[in-house]
Novice: 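My structure is below; once you've seen it, I'll send some questions.
On a predicted model such as this, the values are computed, not experimentally measured, just so you know. Scope of the values below: all heavy atoms of this structure, side chains included, with no hydrogens, waters or symmetry mates. A note on names: the letters A, B, ... follow the listed sequences, proteins ahead of strands, and every chain is numbered from 1.
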There are 2 protein chains.
Amino acid sequence: MRPPAATVFVVDDDESVREALSSLMRSVGLRVKTFSCGAEFTRYEREDVPACLVLDVRLPGVSGLELQRQLTEAGTDIPIIFVTAHGDIPMSVRAMKAGAMEFLSKPFRDQDLLDAIEKALEHDECARIAHAQAAGLRARYETLTLREREAMACVVRGRLNKQTADELGITEITVKVHRRHIMAKMQAKSVADLVRMAEKLG
Amino acid sequence: MRPPAATVFVVDDDESVREALSSLMRSVGLRVKTFSCGAEFTRYEREDVPACLVLDVRLPGVSGLELQRQLTEAGTDIPIIFVTAHGDIPMSVRAMKAGAMEFLSKPFRDQDLLDAIEKALEHDECARIAHAQAAGLRARYETLTLREREAMACVVRGRLNKQTADELGITEITVKVHRRHIMAKMQAKSVADLVRMAEKLG
DNA sequence: GCCCGGCTTATACCAATGTATAAGTTCGCA
DNA sequence: TGCGAACTTATACATTGGTATAAGCCGGGC
């Protein structure tokens, strides 16, 4: 089950290739958006939907591998499928090490690309769900005041209230107040919950 | 700092290659053990020290990629560096997707191999440390009785003792006894500790 | 038959945590 | 100057958790 608005981005400097790939993908019901160079893709403001990137290695201006590096750098973890006519082993190894999902040499079978896209979109969907949960968690954490964060750190380290009070130089009563605020703001139903949240926050 | 007994395993059917690689590695102080086919390596009983595997893709009998699959299957997660004279892109991509650390085409520069080995050994050392910790944790968990495990599951889910008692159909007093045993056997100094342990146990 | 480990319960007490309510201080910003 | 947020403390009480000590039940193995 593909999510409704899943989109495939294609970056290739050869217009005929772009059209061929677009046609192939549209034939199986995928939404496609094409770009002729890396900069054009970088500028484009993407919707927040599952997506993947079909990327030629050899491009005018920024190379495919360099674009991959830039995206990683920027924290844009869109799954990348490389396609290239002039690839070699070191290039493919570098791309895979940098986290590419697939590396296909032209000519490749249509089905190989479609399979890779299917897998990449599923992967991205999972990653988005995980990312959204992490973002929600972080957002809740951001609502904590400085002191509450310090108290939370003590709690998840298993400190007793009196020990926490000592560390923070306050009374146990104040620690209890902080604790209540922490549990409420983080929407944690138990200390166990809070510990798991803290683990995910890193 | 390389650990003292780190060992590099080489599987290649060409004796001259084995000797050349051995010589290269020994020249930088690495311990080496060579094999002429996959089965020979599989049979060999390795010491429990940091290691990596330099593996030719084309081998008599079991291929390098197949050996990689077998090792993964068996839970042997030794880092693998592929070397091959007759490689192609799909082969390298498959190897990397299956978790290979590196894929080098012959001829390659000696330093490239040595760099890859260095990285693989470091990786294996980290993995071994993590694995040892996980094993210790699991060993402690194994000492828990059935009932204690059930109680632990409740505790890490944030249940109150009375709720746990309800779920297990016992009194709160008994739950407290179980809890004490759990904390002692797991060597957890706090509930927070225990939750983290449970997370690692999966 | 007896011992042991696992499982259970009990009493009594102390420590820790949570809740409710109220209020003081400090500091920046309107 | 006054308001609000953050931080602080307090009292009083209820609930929960932890410790110490003791002991009953049951099933498997020596």
Side-chain angles (χ1 to χ4, degrees), chain A residues 133-202, chain B residues 133-202:
Chain A
Q133 286 174 344
L137 189 61
R138 188 152 289 281
R140 294 202 295 281
Y141 183 73
E142 301 292 345
T143 69
L144 297 187
T145 67
L146 173 60
R147 221 53 172 147
E148 284 162 356
R149 289 178 206 185
E150 290 172 343
M152 175 168 161
C154 289
V155 172
V156 301
R157 263 157 50 214
R159 295 282 180 278
L160 299 179
N161 285 350
K162 64 166 63 172
Q163 295 173 316
T164 301
D166 234 43
E167 282 187 44
L168 302 186
I170 55 181
T171 63
E172 202 180 323
I173 299 136
T174 311
V175 174
K176 288 187 186 183
V177 174
H178 286 323
R179 264 184 98 132
R180 205 137 55 99
H181 293 164
I182 292 165
M183 299 300 282
K185 287 183 179 177
M186 295 300 287
Q187 295 167 30
K189 285 188 285 297
S190 64
V191 177
D193 263 5
L194 196 68
V195 171
R196 275 184 287 268
M197 290 178 185
E199 288 295 289
K200 281 175 198 152
L201 284 169
Chain B
Q133 286 173 344
L137 188 61
R138 187 151 290 282
R140 295 202 295 281
Y141 183 72
E142 302 292 346
T143 69
L144 297 187
T145 67
L146 173 60
R147 221 50 173 150
E148 283 161 359
R149 289 177 206 187
E150 290 172 344
M152 175 169 160
C154 289
V155 171
V156 300
R157 264 157 50 215
R159 294 282 180 276
L160 300 180
N161 284 349
K162 64 165 62 173
Q163 295 173 317
T164 301
D166 235 44
E167 282 186 43
L168 302 186
I170 55 181
T171 64
E172 202 179 324
I173 298 135
T174 310
V175 174
K176 287 187 185 182
V177 175
H178 287 324
R179 264 184 98 134
R180 204 136 54 99
H181 293 163
I182 293 165
M183 299 300 281
K185 287 184 178 178
M186 295 300 287
Q187 294 167 31
K189 285 188 286 297
S190 64
V191 176
D193 264 3
L194 196 69
V195 172
R196 275 184 287 268
M197 290 180 185
E199 287 297 287
K200 282 174 197 151
L201 284 168

Novice: Rounded to the nearest 0.5 Å, what separation is found between the CG atom of A:Leu194 and the CE atom of A:Met186?
Specialist: 6.0 Å
Novice: Begin from the C-alpha positions of A:Thr164 and A:Glu167 and carry the test side chain to side chain contact (heavy atoms under 4.5 Å, CB included) through to its verdict.
Specialist: CA-CA 5 Å; A:Thr164 301; A:Glu167 282 187 44; 5.7 Å; no
Novice: Take nucleotides 7-24 of chain C nucleotide by nucleotide from the 5' end and write B, S or -, depending on whether a protein heavy atom sits under 4.0 Å from the base, only from the sugar-phosphate, or from neither.
Specialist: SSBBB----SBBS-----
Novice: When rounded to the nearest 0.5 angstrom, what is the spacing between CZ in A:Arg147 and CG in A:Leu168?
Specialist: 5.0 Å
Novice: When rounded to the nearest 0.5 angstrom, what distance separates NE2 in B:His178 from CD in B:Glu148?
Specialist: 6.5 Å
Novice: Would you give the length of the straight line joining atom CD of A:Glu142 to atom OG1 of A:Thr145, rounded to the nearest 0.5 angstrom?
Specialist: 12.5 Å
